[in-house]
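Structure first, then comments.
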Amino acid sequence: MPVRYPRKALSGKRAGAARSIEFPGCYPVRLRRDEIDGHEGRYEYWEADTETAWKVREVTTLYHERPSQLLARLTERIAAFRGSPIETFGTADLLVRNERGERHRIMQADQMVYLHPERDQPGGAQVEVGEDVLPDVVLETDLTTDVRRGKLWLYESWGFPEVWVEVPDKRLPSSPRGRPKGLTIYLLNSGSYSEADVSLAFPGWIAAEIHRALNERMMSVATIEALRRVGRALGEREGTNPADDPVLGAVRLEGRREGHLAGRLEVLLELLHNLLSAKGVQISPQLDAKAEALVNAPLDAVMAAASECRDEEDFLRRADALSRK
């Protein structure tokens, strides 16, 4: 379970006041205290002492935005395999207040992940450091920036348990030279970060696998297998499985209520069409003809076959094997 950090631990050195922090690839702008509440633009960091916000110099690009969006989709798949929801919140504010309860420091991550949103999700509009349960994972995408020289130290000093720093395969002319592509996992241990090859929040998910998944044009079989493996590992740890997933559970309930083959077949076809279309698989009438033989097969097995297949022909082969069981 993520750790709660008391507000008193955020003063002095823990708040970053005693260290000079940098924001490469960003520029400072004046943003007064009385403007911060109504400010809707994005920035890396804001502090009340100087009334300064640091904004990224480069215009927002697909190369920067795609990893955080993909992570949201990937965790949805993991949640389905686990059997319970995972929530992502994008660039919501990470807020530190001073002793008077005023906004003192604000930082924005590229993506935040809560593994147990029903229990840990903050109740307000921001994540209040020192009050709310912190995200299980924070993702930062370094396309033209370098969070290691500023934001990473703040995450460490504020007690964030796990931070992923992604350097995408796609680069820009303004991207720092000599920075190798890849994903680095930072785990908090006794107040300091150390690099790790494997995520602690997502058991068995390797940094190289995460990087590959965040840079694929289409989800590969290897990535789907990794998501399934991680989701099942989480489920085993927490006593859940794909049958507990809200969507799959609702489909099964609807099938029982329909009480006849046609109702179950309609639901199955809709699921298959949605999943295969999302993967970019071309669908022919053969799929509808084959689906009838799968109505009584375990739904999680059918969905796994659809998730893992390379194309329609591959799915039909897998469907034949399921229908014979």
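Since we're looking at a predicted model, the values are computed, not measured. Hydrogens, waters and symmetry mates play no part in the numbers below; they use all other heavy atoms, side chains included.
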Joint cluster assignment, [X] & [Y], ILVMFWY side-chain distance < 4.5 Å:
{"X": "V138", "Y": "L183", "answer": "no"}
{"X": "M107", "Y": "Y193", "answer": "yes"}
{"X": "L154", "Y": "W46", "answer": "no"}
{"X": "W158", "Y": "V137", "answer": "no"}
{"X": "V113", "Y": "V129", "answer": "no"}

State plainly whether the residues [X] and [Y] are in salt-bridge range, i.e. N to O under 4.0 Å.
{"X": "E131", "Y": "R97", "answer": "no"}
{"X": "R232", "Y": "D300", "answer": "yes"}
{"X": "E225", "Y": "R229", "answer": "no"}
{"X": "R317", "Y": "D320", "answer": "no"}

Evaluate Y155 against L188 for side-chain contact (heavy atoms from CB on, under 4.5 Å), listing each step before the verdict.
CA-CA 9 Å; Y155 282 127; L188 191 67; over 6 Å; no

Can you check whether [Y]'s main-chain N or O pairs, donor with acceptor, with [X]'s side chain at less than 3.5 Å?
{"X": "W153", "Y": "I21", "result": "no"}
{"X": "Q111", "Y": "L139", "result": "no"}
{"X": "T240", "Y": "R82", "result": "yes"}
{"X": "Y114", "Y": "V133", "result": "yes"}
{"X": "R228", "Y": "F81", "result": "no"}
{"X": "K279", "Y": "M219", "result": "no"}

Please find the pair of heavy atoms, one from [X] and one from [Y], that lie closest to each other, and give the distance.
{"X": "M303", "Y": "L275", "answer": "O-CD2, 3.8 Å"}
{"X": "L134", "Y": "G159", "answer": "CD1-O, 3.3 Å"}
{"X": "I283", "Y": "L287", "answer": "CG2-CD2, 3.4 Å"}
{"X": "R237", "Y": "L200", "answer": "NH1-O, 4.2 Å"}
{"X": "P203", "Y": "A201", "answer": "CD-O, 3.3 Å"}
{"X": "A196", "Y": "L187", "answer": "CB-CD1, 3.6 Å"}

| What residue among Y43, Y27, F23 forms ring pair (Phe, Tyr, Trp, His ring centres under 6.0 Å) with W54? |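 Output: one option passes, namely F23.
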
* Which of these passes salt bridge (Lys or Arg N to Asp or Glu O under 4.0 Å) with R149: E22, E140, E44? ->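 Looking at E22, E140, E44, the match for R149 under the salt bridge (Lys or Arg N to Asp or Glu O under 4.0 Å) is E22.
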
[atom2] on [Y] to [atom1] on [X], rounded to 0.5 Å:
{"X": "H211", "Y": "K181", "atom1": "NE2", "atom2": "NZ", "value": "6.0 Å"}
{"X": "D49", "Y": "R105", "atom1": "CG", "atom2": "CZ", "value": "6.0 Å"}
{"X": "R100", "Y": "N98", "atom1": "CZ", "atom2": "CG", "value": "4.5 Å"}
{"X": "D136", "Y": "E162", "atom1": "CG", "atom2": "CD", "value": "8.5 Å"}
{"X": "T141", "Y": "H64", "atom1": "OG1", "atom2": "NE2", "value": "5.0 Å"}
{"X": "R179", "Y": "D142", "atom1": "CZ", "atom2": "CG", "value": "4.5 Å"}

Got a sec: does the [atom1] of [X] have more than 12 other heavy atoms crowding it under 6.0 Å?
{"X": "R30", "atom1": "CZ", "result": "yes"}
{"X": "D34", "atom1": "CG", "result": "yes"}
{"X": "R33", "atom1": "CZ", "result": "yes"}
{"X": "E216", "atom1": "CD", "result": "yes"}
{"X": "E118", "atom1": "CD", "result": "yes"}

Let me have the donor-acceptor pairs involving side chains of residues 86-94, under 3.5 Å, with sequence neighbours excluded, atom names and distances please.
unit_1 : atom_1 : unit_2 : atom_2 : d
D93    : OD1    : Q108   : NE2    : 2.8

Identify every side-chain donor-acceptor pair in residues 67-79 under 3.5 Å, counting partners at least two apart or on other chains, and give the distances.
unit_1 : atom_1 : unit_2 : atom_2 : d
S68    : OG     : E65    : O      : 2.9
T75    : OG1    : L71    : O      : 3.0
T75    : OG1    : A72    : O      : 2.9

Side-chain contact test, heavy atoms from C-beta onward, threshold under 4.5 Å: evaluate it for [X] versus [Y] and give yes or no.
{"X": "H273", "Y": "D288", "answer": "yes"}
{"X": "L276", "Y": "C309", "answer": "yes"}
{"X": "R318", "Y": "L322", "answer": "no"}
{"X": "R310", "Y": "V221", "answer": "yes"}
{"X": "K170", "Y": "R66", "answer": "no"}
{"X": "P180", "Y": "V167", "answer": "no"}
{"X": "D169", "Y": "L214", "answer": "no"}

Applying side-chain contact (heavy atoms from CB on, under 4.5 Å) to R148 and Y186, what does each step give before you reach the verdict?
CA-CA 11 Å; R148 300 172 300 176; Y186 293 92; 3.8 Å; yes

Using side-chain contact (heavy atoms from CB on, under 4.5 Å), reason through L31 and I36 one step at a time and then give a plain yes or no. CA-CA 7 Å; L31 190 57; I36 194 65; 3.4 Å; yes

Query - Verdict with reasoning, R42 to V56, per side-chain contact (heavy atoms from CB on, under 4.5 Å) - result: CA-CA 9 Å; R42 290 178 59 177; V56 177; over 6 Å; no

_Which label fits W164 and W205: parallel for a plane angle under 30°, tilted from 30 to 60°, or perpendicular past 60°?_
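The arrangement is perpendicular - the two ring planes meet at more than 60°.
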
